[in-house]
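Quick notes on the structure that follows.
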Amino acid sequence: MPAHVVVGAQWGDEGKGKVVDLYTEFADVVVRYQGGNNAGHTLVVERDGKPDKTVLHLIPSGILHPDKVCVIASGVVVDPAICLKEIDALQQRGYLKAKSERLLIADDASVIMPYHSALDLAREASRGDDKIGTTGRGIGPCYEDKVGRRSILIRDLLDEDSLRAKLDRLLPEKNHLLSFYGEPLFEMEPMVKELLGYGERLAPFVGDARQYIHAQLSRDRQLLFEGAQGTLLDVGLGTYPFVTSSHTTAAGVCINTGVAPSALDEVVGITKAYCTRVGSGPFPTELDDAVGEHLRDVGREFGSTTGRPRRCGWIDVAALRYAVRVNGLTGLAVTKLDVLSGLDSVKLAVSYTDAEGNEYDEPPMNCETLEQLTPVYEEMPGWDEDLSNMRQRQELPETAQRFLERLETILEVPIILVSIGPARAETIVIRHLNR
Ligand code: IMP
């Protein structure tokens, strides 16, 4: 049963969108399995001979390929207004033609309600310097309701009685919380009207995603599961509490889509050739110097969802070691190697030490301990060449090849793809996914 997974191996923003877009060529169905519109996948494809940029927050990047089916699984939290905005934009630009056939939204996905975003922002504001640095999109409060067994589900937007019954219970409680934070309250009638309007427009795309995925697998169709955010932002396995509220790792595929662990085939981890983080939390290799500026400027490291400047630093191989282990990575895709061009030397953090000289091979998932650690770096000579026209690994400057080899040696995972620019063509494909 060919089911491949693409996950972020760092703190998100690794370039998963581009890699999924490339791998979609070999897939029949692309499934987004967690997160919501906190993600932002930037895709640049050739259209009418010109590069054309699309930013997607919710709909799987595979939608840019004609004839592929994209699924938003039940583990995703869906802001219906954002979802419709993306559908409209894709339809206007000719990427999404036949209405219901190419996009399926799980009827049991949780809906991000207007009060979720309001609560997210209010809670963050109340935390002052201790804030998580969330995207403010209501992700955490929506997942809280899911685990609390009180979500409004997508199918409730198609059923007025069910929506009203749930909101009758929920809204007074949410308004109570909002008044605690001194925020404006929500009224029932305008909210119901708005949500039913969304439901009516989403209806042609809504169905039983779990059953659909199962049927595709039993027919031996090729499935690609697209992760959002990154391993270190997993609510269970990441740098808690500075994490998102979903399971971003490969295991998240199973609980969020109903696919058994034994059905998963390849798990590809995406890592930049350096490292970034948005929001608060430990980041051992963060740079506050000219190299950090270089990475931010050349790599255009500003959030595609919030526009926030990303924190930048050297690649953290010790953290990648952890990502390899918890995801069971079978291959690595290294993105943005081109951004390192022009640096005299490049560094890789291979472990950390504490004040007593103890060495750590992997990041301890205790933020207070992790904050105290110092990275142990290996330094390698850099390169100046523009890599964007290189299409074979052997064409890369020798120093860049050595950098990649060092990564493979330490992590004991083959690099199967190297990205050297945002466009589809700016890619060195070393090996395709197994079919
Ligand atoms: P939330 O997902 O909006 O609750 O944010 C929680 C943490 O995850 C914050 O540090 C965010 O910056 C981070 N985060 C959420 N989504 C992304 C993403 O797509 N890329 C990178 N960081 C993210």
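Whatever order the structure lists them in is the order used to number ligands and atoms, beginning at 1. Being a predicted model, the structure only gives us computed values, none of them experimental.
Here the heavy atom of the protein found nearest to atom 11 (C) of ligand 1 is Gly133 O, 3.5 Å. Of all protein heavy atoms, the one lying nearest to atom 20 (N) of ligand 1 is Asp13 OD1, 3.0 Å. In terms of protein heavy-atom proximity, atom 3 (O) of ligand 1 is closest to Thr135 OG1, 2.6 Å. In terms of protein heavy-atom proximity, atom 5 (O) of ligand 1 is nearest to Thr134 CA, 3.3 Å. The protein non-hydrogen atom at the shortest distance from atom 10 (O) of ligand 1 is Val278 O, 3.2 Å. For atom 17 (C) of ligand 1, the closest non-hydrogen atom of the protein is Gln229 CG, 3.4 Å.
With sequence neighbours excluded, no residue forms a salt bridge (charged side-chain N to carboxylate O under 4.0 Å, His left out) with Arg127.
For an aromatic pair to be called close, the ring centres must be under 6.0 Å apart, and Trp11 with Phe283 satisfies this. The six-membered or imidazole ring of His432 lies near that of Phe26, with a centre-to-centre distance under 6.0 Å.
Proximity of Leu233 to ligand 1, defined as any heavy-atom pair under 4.0 Å, is confined to the side chain (atoms from C-beta onward). Contact annotation for Arg311 and ligand 1: no heavy atom of the residue comes within less than 4.0 Å of the ligand. Contacts with ligand 1 closer than 4.0 Å are made by no heavy atom of Phe242, backbone or side chain. At a heavy-atom cutoff of 4.0 Å, ligand 1 is contacted by the backbone of Val243 but not by its side chain.
Residue contact check: Trp11 has heavy atoms under 4.0 Å from atoms 21 (C), 22 (N) of ligand 1. Atoms of ligand 1 lying under 4.0 Å from any heavy atom of Ile132, numbered from 1 in the order shown and given with element: 10 (O).
Considering Val259, Val71, Ile213 as possible partners of Leu223, the one that fulfils the side-chain contact (heavy atoms from CB on, under 4.5 Å) test is Ile213.
The structure places OH of Tyr181 at 10.5 Å from CD of Glu124, a figure rounded to the nearest 0.5 Å. Taken to the nearest 0.5 Å, the CG atom of Leu343 stands 8.0 Å off from the CH2 atom of Trp383.
A salt bridge links Glu301 and Lys336; the closest N-O separation between the charged side-chain nitrogens and carboxylate oxygens is under 4.0 Å. Taking a cutoff of 4.0 Å between a charged side-chain nitrogen and a carboxylate oxygen, Asp52 and Arg93 qualify as a salt bridge.
Some N or O of Thr244 is nearer than 3.5 Å to an N or O of ligand 1, by distance alone. Residue-to-ligand polar distances place Asn38 within reach of ligand 1: an N/O pair is separated by less than 3.5 Å. Residue Arg308 places at least one N or O, backbone or side chain, under 3.5 Å from an N or O of ligand 1.
The closest approach between Ala228 and ligand 1 stays at or above 4.0 Å for every heavy atom of the residue. Within the 4.0 Å heavy-atom cutoff, Arg137 does not count among the residues contacting ligand 1.
Geometric assessment of Arg47 against the ring of Tyr95 yields a positive cation-pi assignment under the 6.0 Å and 45° thresholds.
Nearest heavy atoms, Leu167 versus Met113: CD2-CE, 3.8 Å.
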